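Structure first, commentary second.
Hydrogens, waters and symmetry mates are skipped; everything else that's a heavy atom, side chains included, is used. Source: prediction; values computed, not measured.
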Amino acid sequence: HSQVNWLVNEGFLFEYLHDMAPGNEPIFLDAIPADIDALMVGLRDKQIIPPLDKPYKDKGDHGLLPDFEIAIPWNESAFRKAIFQPKKEGVHELWNWLVSACLAGLGENKKKYACLKSPDYGKSTSAAIRLIPEAKGIVIIRDPLYAIDSLKRDRQIRGTKLLTWPRIAINISNFLKMKERLLSAESKQLTWVRYETLVTKPEKTMHNICDTLNIPFEECLLEPTMFNKRWPGHSSFTPTDGIEEAPAKRSVMSLTAVEQELIKKHLKDFRRYFRYTD
């Protein structure tokens, strides 16, 4: 988008600040080392910002996900030169510093917004709009029955962090916490979008988001790409090709009947509030 810098991958700066609890941000700022090599290790070890020194990859497994790789036009020396600056006095200044360094590495000029993706149940959004007055948060919500079903299948494919009963319980709790964050946030800074509406009515949804951000709608918002290369998207169940309705209309496939009832029981109010029904 002409007014949005996309930082390519996931970054967790605001999730970490959220987990430190309000008022503890100075600890994070004081911990920033003056030594650039130590600074770089910390930025990438904890993925404070996206690891832009590496190609973007989505690896297909068992034929369910498409193999996708794109070389990022990255200038490491330009990034290191921009990141080598005095320590920051506040989160707002820290954010602008990190964004400017990322854009120097990408060879891009700064636009109205810098977009950071963080799949953390709205924690990053909550912290960002609390700490940065002009920040805007967009939280995409999916029916937890299908979101947890998809996550369970994804973990099975990858063979890591399998969604056994303790992890399912934690995920249910995370959805409840997300609702609390959304209801307590400043409404002028945050908007939430149902995943199901996004993929079935993408143009209308993106027009609404643009209105929220006070930026013009552009056709590129309906054509998923990365550096002008088509982005097919992915699903834990079947290959996708861009924006598709099929993942939003499938049946539950991985969760057992008992697990489904557990989710429905504890997220009954959540699902009703966000207009999900069986």
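Under a hydrophobic-cluster definition in which Ile, Leu, Val, Met, Phe, Trp and Tyr are linked whenever side-chain heavy atoms come within less than 4.5 Å, directly or via other members, L162 and V258 are assigned to different clusters. Grouping the Ile, Leu, Val, Met, Phe, Trp and Tyr side chains by contacts below 4.5 angstrom, directly or via other members, places V41 apart from L43. A single hydrophobic cluster is seen to contain both L183 and L267, as judged by linkage of ILVMFWY side chains at heavy-atom distances under 4.5 Å, directly or through other members. By the criterion of side-chain heavy atoms lying less than 4.5 angstrom apart, applied directly or through intervening Ile, Leu, Val, Met, Phe, Trp or Tyr residues, L39 is grouped together with L17 in one hydrophobic cluster. I138 and L13 fall into different hydrophobic clusters, defined by Ile, Leu, Val, Met, Phe, Trp and Tyr side-chain heavy atoms under 4.5 Å apart, directly or through other members.
For K264, the NZ atom is densely surrounded, since the number of other residues' heavy atoms within 6.0 Å is greater than 12. Remark: K117 NZ is loosely packed, at most 12 non-hydrogen atoms of other residues, nucleotides or ligands lying under 6.0 Å away. Crowding of K110 atom NZ: a count of heavy atoms from other residues, nucleotides or ligands under 6.0 Å exceeding 12. More than 12 heavy atoms of other residues, nucleotides or ligands sit less than 6.0 Å from atom NZ of K112.
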Next item on the list: Tell me, with the steps shown, if R80 and D37 meet salt bridge (Lys or Arg N to Asp or Glu O under 4.0 Å).
Entry: CA-CA 9 Å; R80 290 176 71 93; D37 290 325; 2.7 Å; yes

Next item on the list: Would you check, one step at a time, whether the test side-chain contact (heavy atoms from CB on, under 4.5 Å) holds for M206 with H1?
Entry: CA-CA 12 Å; M206 296 312 299; H1 192 282; over 6 Å; no

Note to self: The test is side-chain contact (heavy atoms from CB on, under 4.5 Å); show your working for F14 and I132 and say whether it passes.
What the structure shows: CA-CA 11 Å; F14 291 104; I132 301 179; 3.7 Å; yes

Notebook entry, point to check: What's the verdict on side-chain contact (heavy atoms from CB on, under 4.5 Å) for V91 and F28, showing C-alpha distance, side-chain angles and the deciding distance?
Noted result: CA-CA 9 Å; V91 172; F28 193 92; over 6 Å; no

Note to self: Quick one, F175 with I148, criterion side-chain contact (heavy atoms from CB on, under 4.5 Å). Give me CA distance, side-chain angles, the key distance, then yes/no.
What the structure shows: CA-CA 10 Å; F175 273 97; I148 297 175; 3.8 Å; yes

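Side-chain polar atoms of N214 and K136 form no donor-acceptor pair below 3.5 angstrom. A donor-acceptor contact closer than 3.5 angstrom links the side chains of N171 and Y121.
Pairing each heavy atom of I141 with each of Y276, the nearest pair is O-OH, 3.2 Å. For N5 against N109, the heavy-atom pair with the smallest separation is ND2-O, 3.1 Å. Closest heavy-atom contact between G137 and I129: N-CG2, 4.0 Å. Closest heavy-atom contact between E134 and Y113: O-CE2, 4.5 Å. Nearest heavy atom pair, residue I36 against residue I83, reads CD1-CG2, 3.8 Å. Of all the heavy atoms in L116 and P50, the pair that sits closest is CD1-CD, 3.9 Å.
A donor-acceptor pair under 3.5 Å links the side-chain atoms of Q189 to the main chain of A135, judged by distance alone. With hydrogens and angles ignored, the 3.5 Å screen pairs a side-chain donor or acceptor of S184 with a backbone N or O of E180. Between the side chain of S118 and the main chain of G11, a donor-acceptor pair closer than 3.5 Å is present. In this structure, the side chain of Q3 does not engage the main chain of P216 through any donor-acceptor pair within 3.5 Å. The backbone N or O of Y146 lies less than 3.5 Å from a partner atom in the side chain of R250, making a donor-acceptor pair. Under the 3.5 Å distance criterion, the side-chain polar atoms of R275 are left unmatched by any main-chain donor or acceptor of R194. Side-chain N or O atoms of E218 include one that pairs as donor or acceptor with a backbone N or O of S2 at under 3.5 Å. Judged by distance alone, the side chain of S100 and the main-chain N or O of N96 form a donor-acceptor pair under 3.5 Å. For the pair Y16 (side chain) and K46 (backbone), a donor-acceptor distance under 3.5 Å is present. Judged by distance alone, the side chain of Q260 and the main-chain N or O of L255 form a donor-acceptor pair under 3.5 Å.
Under the side chain to side chain contact (heavy atoms under 4.5 Å, CB included) rule, V193 has a single partner from T212, L198, V139, which is L198.
Contact of the D19 side chain with the K123 side chain is registered, since non-hydrogen atoms from C-beta on lie closer than 4.5 Å. Taking 4.5 Å as the limit, every side-chain heavy atom of P144 sits out of range of all side-chain heavy atoms of I172. Put simply, the side chain of L29 does not reach to within 4.5 Å of the side chain of E89, judged on heavy atoms. A 4.5 Å side-chain heavy-atom check between L222 and F217 finds at least one atom pair inside the cut-off.
Of the inter-residue distances, the one linking D53 atom CG with W74 atom CH2 reads 7.5 Å to the nearest 0.5 angstrom. Rounding to the nearest 0.5 Å places CZ of R153 at 13.0 Å from CG of L163. Here W192 contributes atom CH2 and F274 contributes atom CZ; the two are 5.5 Å apart, rounded to the nearest 0.5 Å. In this structure, CD1 on I48 lies 10.0 Å from CD on E15, to the nearest 0.5 angstrom. Atom CD1 of I209 sits about 9.0 Å away from atom CD1 of I215, to the nearest 0.5 Å. The CZ atom of R44 sits 7.5 Å away from the CG atom of L52 when rounded to the nearest 0.5 Å.
A salt bridge does not link K152 to D149: none of the charged side-chain nitrogens sits closer than 4.0 Å to a carboxylate oxygen.
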